[in-house]
Amino acid sequence: IVLTDLHIVPEGGRIIGLDPYTRLQKGIQHINRHHPDTDCVVITGDLTHKGDIASYLRLKELLQPLSCPYYLLIGNHDQRENFIQVFPEQSIDGNGFIQSKIVTAQGHLLLLDTLYAPPYEFPKSYSGFLCEKRLAWLKIQLDQAKQEQQNCFIFMHHPPHATGFAGMDAIALSNASAFYDLILQYPQVKHITAGHVHRTISGNHKGISYS
């Protein structure tokens, strides 16, 4: 199950009149009640609204009742350092990025860190970016999957292509061409899941399905 863009705020906070805490709480209750066979939940970034410690602590408390393992990505509203402080158990690659590979019976889930920061300079850091180190990590995972004949499913916060929403396309993954230049070499990449746009859409780009 995929959740995204939680935008958790400190206690008492609301966004456009909505309480993100209560909304996520209801979502977790729904998962526990109706999907007890779920292998895992992947949350694709913007976990908090301002990346503050208090909000990450609220999120960790909220996730405790979840009846299956969960894996967290970060987005442009997150702060990598604060996230690591509260969620040290979440996987970090050798360069300090929130990236991991989850091995499942259906293939490898590859979780990417597309946060374009630090420095946290808005609006520049609203866009996504995969630096050479992160792309190198991804290539290693794809090479291993190819050798093991495993399918790959990529999860990231920023969409790596235009979605048709002009405001969001302006702050999508800024080096999407480099990303696709890499993954198109690997036919075992079967699907890309992203967040960021606050809408549920799906389709196919360059021969790879996405949602």
Side-chain angles (χ1 to χ4, degrees), residues 1-52 54-78 83 86-91 98-114 141 145 150-160 163-165 168 188-205 208-211:
I1 290 178
V2 177
L3 303 175
T4 193
D5 293 80
L6 309 179
H7 289 270
I8 298 299
V9 293
E11 187 172 359
R14 300 178 77 85
I15 302 175
I16 59 173
L18 303 174
D19 180 3
Y21 184 97
T22 301
R23 290 165 68 83
L24 177 59
Q25 187 177 51
K26 290 179 179 179
I28 290 172
Q29 291 169 353
H30 182 93
I31 292 169
N32 290 343
R33 183 181 306 117
H34 298 288
H35 302 280
D37 60 341
T38 296
D39 288 334
C40 66
V41 171
V42 179
I43 306 179
T44 56
D46 278 3
L47 307 172
T48 65
H49 194 55
K50 293 189 176 180
D52 56 293
S55 295
Y56 285 122
L57 289 172
R58 287 193 87 201
L59 174 59
K60 193 162 194 175
E61 176 189 13
L62 262 175
L63 291 171
Q64 285 180 352
L66 194 58
S67 59
C68 62
Y70 62 84
Y71 303 101
L72 306 177
L73 286 70
I74 57 175
N76 51 286
H77 279 264
D78 290 304
F83 171 83
V86 177
F87 290 97
E89 72 281 2
Q90 292 289 311
S91 294
I98 316 302
Q99 304 200 128
S100 59
K101 175 181 72 175
I102 312 302
V103 177
T104 75
Q106 290 74 38
H108 296 175
L109 313 185
L110 303 181
L111 282 53
L112 303 183
D113 179 340
T114 59
Q141 310 313 316
Q150 292 290 321
N151 290 331
C152 291
F153 305 88
I154 295 177
F155 295 79
M156 57 207 301
H157 180 68
H158 294 83
T163 62
F165 302 106
M168 303 309 295
Q188 47 272 114
V189 175
K190 301 302 182 184
H191 194 80
I192 299 169
T193 300
H196 196 46
V197 299
H198 292 213
R199 294 165 177 84
T200 302
I201 61 175
S202 60
N204 187 291
H205 185 72
I208 301 177
S209 64
Y210 69 85
S211 55

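The first residue in the sequence is number 1, and the count goes up from there.
Residues meeting the salt bridge (Lys or Arg N to Asp or Glu O under 4.0 Å) test with K190, sequence neighbours left out: none.
The number of heavy-atom neighbours closer than 6.0 Å to CD of E89, taken from other residues, nucleotides and ligands shown, is above 12.
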Discussion item. Could you go through M156 and I192, starting from their C-alpha distance and side-chain angles, then the distance that decides it, and tell me whether this counts as side-chain contact (heavy atoms from CB on, under 4.5 Å)?
Written reply: CA-CA 8 Å; M156 57 207 301; I192 299 169; 3.8 Å; yes

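Using a 4.5 Å heavy-atom cutoff, the side chains of Q90 and F83 are in contact. With a 4.5 Å cut-off on side-chain heavy atoms, S211 and H191 count as touching. Residues E61 and Y21 form a side-chain contact, since some pair of their non-hydrogen atoms from C-beta on lies under 4.5 Å apart. By the 4.5 Å heavy-atom criterion applied to side chains, L59 and V86 are not counted as neighbours. Counting only heavy atoms from C-beta outward, the side chains of L3 and Y70 never approach each other to under 4.5 Å. No side-chain heavy atom of I208 sits less than 4.5 Å from a side-chain heavy atom of I154. Considering only heavy atoms from C-beta on, L62 stays 4.5 Å or farther from L6 through its side chain.
Contact between P20 and L18 at its shortest, heavy atoms only, is CD-O, 3.3 Å. Pairing each heavy atom of K60 with each of P88, the nearest pair is NZ-CD, 4.2 Å. Of all non-hydrogen atoms in L73 and F155, the two that sit nearest each other are CD2-O, 3.3 Å. The heavy-atom pair separating A194 from H157 by the smallest distance is CB-O, 3.8 Å.
With rounding to the nearest 0.5 Å, the separation of NE2 in H158 from CG in L112 is 12.0 Å. Interatomic distance, CD of Q25 versus CZ of R58, reported as 9.5 Å (0.5 Å rounding). Summarising the geometry, atom CG belonging to L110 is positioned 10.0 Å from atom CZ belonging to F153; distances are rounded to the nearest 0.5 Å. To the nearest 0.5 Å, the span separating CG on L111 from CD1 on I74 amounts to 11.5 Å. A distance of 7.5 Å separates OG1 of T163 from CZ of R199, quoted to the nearest 0.5 Å. Rounded to the nearest 0.5 angstrom, L24 CG and Q29 CD are separated by 10.0 Å.
Between H35 and H30, the two ring planes are tilted [angle within 30° to 60°]. Between H49 and H77, the ring planes are parallel. Angles under 30° get that label, and only those over 60° would be called perpendicular.
Proximity of a side-chain donor or acceptor of N32 to a complementary backbone N or O of P65 within less than 3.5 Å is detected. A donor-acceptor contact shorter than 3.5 Å is absent between the side chain of D19 and the backbone of R14. Between the side chain of D78 and the backbone N or O of D46, at least one donor-acceptor pair lies under 3.5 Å.
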Show me, pair by pair, the donor-acceptor contacts under 3.5 angstrom made by side chains of residues 98-109, not counting sequence neighbours?
residue : atom : partner : partner atom : Å
Q99     : OE1  : D113    : N            : 3.2
Q99     : NE2  : D93     : OD2          : 3.0
K101    : NZ   : Q144    : OE1          : 3.1
T104    : OG1  : Q106    : N            : 3.2
T104    : OG1  : G107    : N            : 3.2
T104    : OG1  : G107    : O            : 2.7

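For the residue pair T44 / T4, a side-chain donor-acceptor distance below 3.5 Å is found, with atom types taken as modelled.
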